[in-house]
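Presented below is the structure to which this report refers.
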Amino acid sequence: MVQLTIKQQQELCEILAKFGIHEVRDVHGHGDGHIHSTYLVTTAYAKYIMQKVNTVAFRDVDALMQNIELVTAHLKKKLAQAGKNPLRHTLTVHRALDGAPYYREYNHVYRVYLFIEGESRNQANPADMEAAGAAFGEFQNMLADFPSSCLDETIPHFHDTPRRMDNLEKSIEADVMGRRAECEDLIAFARAHADLAHSVTDEIAKGLVPLRVTHNDTKLNNLLFDPKTNEAFCVLDLDTVMPGSLLYDFGDALRFGMATAPEDERDEAKIGISLDNYRGFTRGFVREAGNAMTDKEKELLPLSPLLLTFECGIRFLTDYLDGDKYFHIACPDHNLARARNQLTLVRRMEEAYETMKQITEEVLNENSGS
Ligand code: ADP
Ligand code: GN1
Ligand code: MG
């Protein structure tokens, strides 16, 4: 829990008043997100999540909040039809007193959600992963009939990995921080994987992988788990819900959830993968979303964690070269450590790729028989 100074707390309370939130008993930093500044607010009568929105990542806040309100309205309708509590199973935006879904002060933008009681996890066992797979698969199903034309692309080209490679090359060339020399091994690794970068976008271009409405940021801590039942009951962080491939959601969840060490672990010996976690997640996801998958999507399932881990690695590397403009960092070489970690994970996944393919086949067969 990140404690704030009295002055910081007072400033946040003034912002909260713009949302009609008073009698604040406590406000402190919350969660492990890399993008926004997130605070848990406790008042005499309710709890809220307040976020200072990262406007480097999300330049058009009106479009961002419109997406979130449209998506949550759709999800709430589906949840109510299924007899589930819409206030517990998806986000609820708490609007400002002027009716806007955010409040802007100078160049700072704030928004508020109702707080949902639950556990955000950074590590998972195979059963948690199965629950996570089911939650993201179900999320996918609930959005299957959402009109994607209503959605703005909140971060254009978000999972366009070849474009991410181009951006990396530009940052290497510019080398504004003079950091290139310490990254040469990672740069060489990235360049040697140019084919991997194209693996999904090429199939989308050929029409073999369809665009769907996807979450695009399926990190384990973007879910809430019920500590008693271990069900993953709520999908959070809806900022990047936009047209994408289901493979992005599958691959990104495994990027994080298969890793046996944190995303910024520096000790190479500790950076490993859990194939049981791979099987667990695949079971949950395929059970919920498997029937809608095309053959090409099924074929690419085991490759997608390699792609998404690679992409995340080169994004951290690019941000390190650029001077840490995008991801929040806790120390000067944080993005370098994250990049090194992610590209090490890619190597581990490459070594295990044949087994991942085999597990996927087994799970798809289990599912087709049920
Ligand atoms: P970031 O984009 O920075 O990751 P998130 O929207 O994911 O920001 O929020 C960061 C963390 O805050 C989440 O991982 C989760 O732990 C917690 N969180 C976010 N929204 C809620 C909410 N409405 N109720 C409970 N916890 C939340
Ligand atoms: C960010 O917002 P958060 O912390 O859940 C990032 C993801 C990365 C992830 C790496 C909008 O996720 O794309 O995969 O960090 N989100 C955005 O941990 O860029
Ligand atoms: Mg998050």
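Whatever order the structure lists them in is the order used to number ligands and atoms, beginning at 1.
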Just let me know how Asn222 lines up against ligand 2, side chain, backbone, both or neither, with a heavy-atom cut-off below 4.0 Å. side chain
Tell me the contacting part of Tyr248 for ligand 2: side chain, backbone, both, or neither, using a 4.0 Å heavy-atom threshold, strictly below. neither
Give me the ring orientation class for [X] and [Y]: parallel if the planes are under 30° apart, tilted from 30 to 60°, perpendicular past 60°.
X      : Y      : value
Phe285 : Phe281 : parallel
Phe310 : Phe189 : tilted
Phe139 : His215 : perpendicular

Just do the side chain to side chain donor-acceptor pair (under 3.5 Å) check on Asn335 and Asp319 with the steps written out, would you? CA-CA 7 Å; Asn335 275 320; Asp319 201 32; 3.1 Å; yes
Using a 4.5 Å cut-off on heavy atoms from C-beta on, say whether the side chain of Tyr113 contacts that of Leu91. yes
Which ligand 1 atoms are under 4.0 Å away from a heavy-atom of [X]?
X      : value
Leu91  : 23 (N)
Leu236 : 15 (C), 18 (N), 21 (C), 27 (C)
Thr38  : 9 (O), 10 (C), 12 (O)
His34  : 3 (O), 4 (O)
Leu114 : 22 (C), 23 (N)

At the 4.0 Å heavy-atom cut-off, does Asp217 count as touching ligand 1?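 No; Asp217 lies far enough from ligand 1 that no heavy-atom distance drops under 4.0 Å.
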What do you reckon, does Gln51 put a non-hydrogen atom under 4.0 Å from ligand 1? yes
Heavy atoms from other residues, nucleotides or ligands near [atom1] of [X] exceed 12 (cutoff 6.0 Å):
X      : atom1 : answer
Arg347 : CZ    : yes
Lys270 : NZ    : no
Asp295 : CG    : no
Lys18  : NZ    : no

Among all protein non-hydrogen atoms, which one is nearest to [atom], and what is the separation to 0.1 Å?
atom                    : result
atom 3 (O) of ligand 1  : His36 N, 2.9 Å
atom 9 (C) of ligand 2  : Lys219 NZ, 3.7 Å
atom 10 (C) of ligand 2 : Glu263 OE2, 3.3 Å
atom 17 (C) of ligand 1 : His30 CD2, 3.8 Å
atom 21 (C) of ligand 1 : Ile49 CG1, 3.5 Å
atom 14 (O) of ligand 2 : Arg255 NH2, 3.4 Å
atom 1 (C) of ligand 2  : Ile35 CG1, 3.9 Å
atom 3 (P) of ligand 2  : Asp217 OD2, 3.5 Å
atom 25 (C) of ligand 1 : Ile116 O, 3.2 Å

Looking at the Mg ion (ligand 3), which N/O/S atom of Asp237 is the nearest one? OD2
Under 4.0 Å between a Lys/Arg side-chain N and an Asp/Glu carboxylate O for [X] and [Y]?
X      : Y      : result
Lys357 : Glu361 : no
Lys296 : Glu299 : yes
Arg255 : Glu311 : no

Closest candidate by heavy atom, reference atom 13 (C) of ligand 1, pool Asn221, Asp239, Leu238: Asn221
For atom 16 (O) of ligand 1, which of Ser120, Gly33, Gly31 has the closest heavy atom? Ser120
Judged by non-hydrogen atoms, does [X] sit under 4.0 Å from ligand 2?
X      : answer
Cys312 : yes
Phe327 : yes
His36  : no

Determine, for [Y] and [X], whether the Lys NZ or Arg CZ falls below 6.0 Å from the six-membered ring centre while staying within 45 degrees of the axis.
X      : Y      : value
Arg111 : Tyr102 : no
Arg104 : Tyr110 : no
Arg95  : Phe19  : no

Part of Ile35 with heavy atoms under 4.0 Å of ligand 1, whether side chain, backbone, both or neither: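 Answer for Ile35: both.
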Which part of His328 is near ligand 1, with near meaning a heavy atom under 4.0 Å away: side chain, backbone, both or neither? neither
Can you check side chain to side chain donor-acceptor pair (under 3.5 Å) on Gln358 and Tyr353, steps first, answer last? CA-CA 9 Å; Gln358 197 185 321; Tyr353 182 52; over 6 Å; no
Any nitrogen or oxygen of [X], side chain or backbone, less than 3.5 Å from one on ligand 2?
X      : answer
Tyr326 : yes
Arg315 : yes
His34  : yes

Distance-only N or O hit between ligand 1 and Asp237, under 3.5 Å: yes
Is there an N/O/S atom in Asn222 that lies less than 2.8 Å from the Mg ion (ligand 3)? yes
Can you list the steps and then say if Tyr278 with Thr360 is a side chain to side chain donor-acceptor pair (under 3.5 Å)? CA-CA 9 Å; Tyr278 181 82; Thr360 314; 2.8 Å; yes
